[in-house]
Every structure is written in structure tokens, then in C-alpha cells.
Amino acid sequence: MNRDGVNLVRVDAETDVWRFYSVWVEADLFAPARLVRFWGRIGARGGQCRVEPYEDPERARRALEKTVAQKVRRGYSRQAG
């Protein structure tokens, strides 16, 4: 399985919001696919990560699309590249 992923950013200097959000689907040893989410403040060390196993890669891709749509509604935009 190829790794599918999306990088999002939300920047608003007036309210001091400098956030990134990355989400991707990848193969796993214990489940056919897993959805990985990684987020935090741009320029800060570290961040937070959440991993969710899925029995079906297509379900993981749908969860990725749903997550991206939710983040776009909240003001994030896709990062070029």
C-alpha cells in the first residue's frame, strides 16, 4: 500500500495561531492499515500524534478524507508540496 497523506496549516498572526496538521494512511504490522495524525504549533519542538488501526484500507482513506474536510472547515488549508 502506498502512503497517502495530506499536510494542512492554519496561520493567523493577529490571533497568534501557527498550527500544522498532518494526516496519512500507511500499512501496519497488526492491521491492514492505520490512520496517523500528527499536529502541533509551527516552529515548536515536538507535537502530538494519534494512531488508529483499520481493518480495511478504504475505511482508513475515508477517515482521512473526513478528517481533512473537518480541518478545512475549521480554517486549515492544504500546504503546497
Side-chain angles (χ1 to χ4, degrees):
M1 172 190 339
N2 292 335
R3 181 175 154 183
D4 301 320
V6 177
N7 294 314
L8 304 162
V9 294
R10 181 173 174 217
V11 176
D12 185 351
E14 290 182 17
T15 58
D16 196 31
V17 173
W18 305 85
R19 310 287 296 164
F20 71 88
Y21 197 95
S22 297
V23 59
W24 63 90
V25 173
E26 64 184 16
D28 186 27
L29 290 173
F30 304 106
R34 66 184 190 167
L35 179 68
V36 182
R37 305 171 192 218
F38 183 65
W39 68 92
R41 184 174 171 90
I42 295 171
R45 285 187 168 194
Q48 296 184 22
C49 185
R50 181 176 177 180
V51 178
E52 299 174 42
Y54 284 86
E55 291 299 322
D56 178 14
E58 187 55 37
R59 283 182 136 175
R61 285 189 196 97
R62 285 195 305 263
L64 179 143
E65 292 169 7
K66 182 178 177 181
T67 300
V68 169
Q70 180 184 50
K71 291 298 176 184
V72 168
R73 282 193 306 272
R74 292 183 178 174
Y76 283 79
S77 60
R78 287 180 182 252
Q79 188 175 9

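Any value given below was found using the heavy atoms of this structure, including those in side chains, with hydrogens, waters and symmetry copies removed.
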- Query: What side-chain hydrogen bond (donor to acceptor under 3.5 Å, both in side chains) pairs are there with at least one residue in residues 11-21, not counting sequence neighbours?
  - Reply: Asp12-Thr15, Asp16-Trp18, Asp16-Arg41
Ignoring hydrogens and angles, write down the donor-acceptor pairs under 3.5 Å from the side chains of residues 47-55, residues two or more places apart or on other chains.
residue	atom	partner	partner atom	Å
Glu52	OE1	Tyr54	OH	3.2
Glu52	OE2	Arg37	NE	3.0
Glu52	OE2	Arg37	NH2	2.9

- Shortest non-hydrogen contact between Ala33 and Pro57, atoms and distance: CB-CA, 3.7 Å
- Co-members of the apolar cluster containing Phe30 [side chain, <4.5 Å]: Leu29
- Task: Please round to the nearest 0.5 Å and tell me the distance separating atom CH2 of Trp24 and atom CZ of Arg61.
- Result: 16.0 Å
- Determine, stepwise, if the pair Glu65 / Arg62 fulfils salt bridge (Lys or Arg N to Asp or Glu O under 4.0 Å). CA-CA 5 Å; Glu65 292 169 7; Arg62 285 195 305 263; over 6 Å; no
- Item | Smallest separation among heavy atoms of Leu64 and Val6, with atom names | CD2-CG2, 4.1 Å
- Query: Would you say the side chain of Val9 lies within less than 4.5 Å of the side chain of Ser77, judging by non-hydrogen atoms?
  - Reply: yes
- Could you go step by step and tell me if Leu8 and Arg78 meet the side chain to side chain contact (heavy atoms under 4.5 Å, CB included) rule? CA-CA 4 Å; Leu8 304 162; Arg78 287 180 182 252; 3.8 Å; yes
- Distance (rounded to the nearest 0.5 Å) between Leu35 CG and Lys66 NZ: 11.5 Å
- Message: Starting from Phe38, can I reach Val17 by hopping between I/L/V/M/F/W/Y residues whose side chains sit under 4.5 Å apart?
- Response: no
- Could you pull out the closest heavy-atom pair between Tyr76 and Phe20, with the gap in Å? CE2-C, 4.3 Å
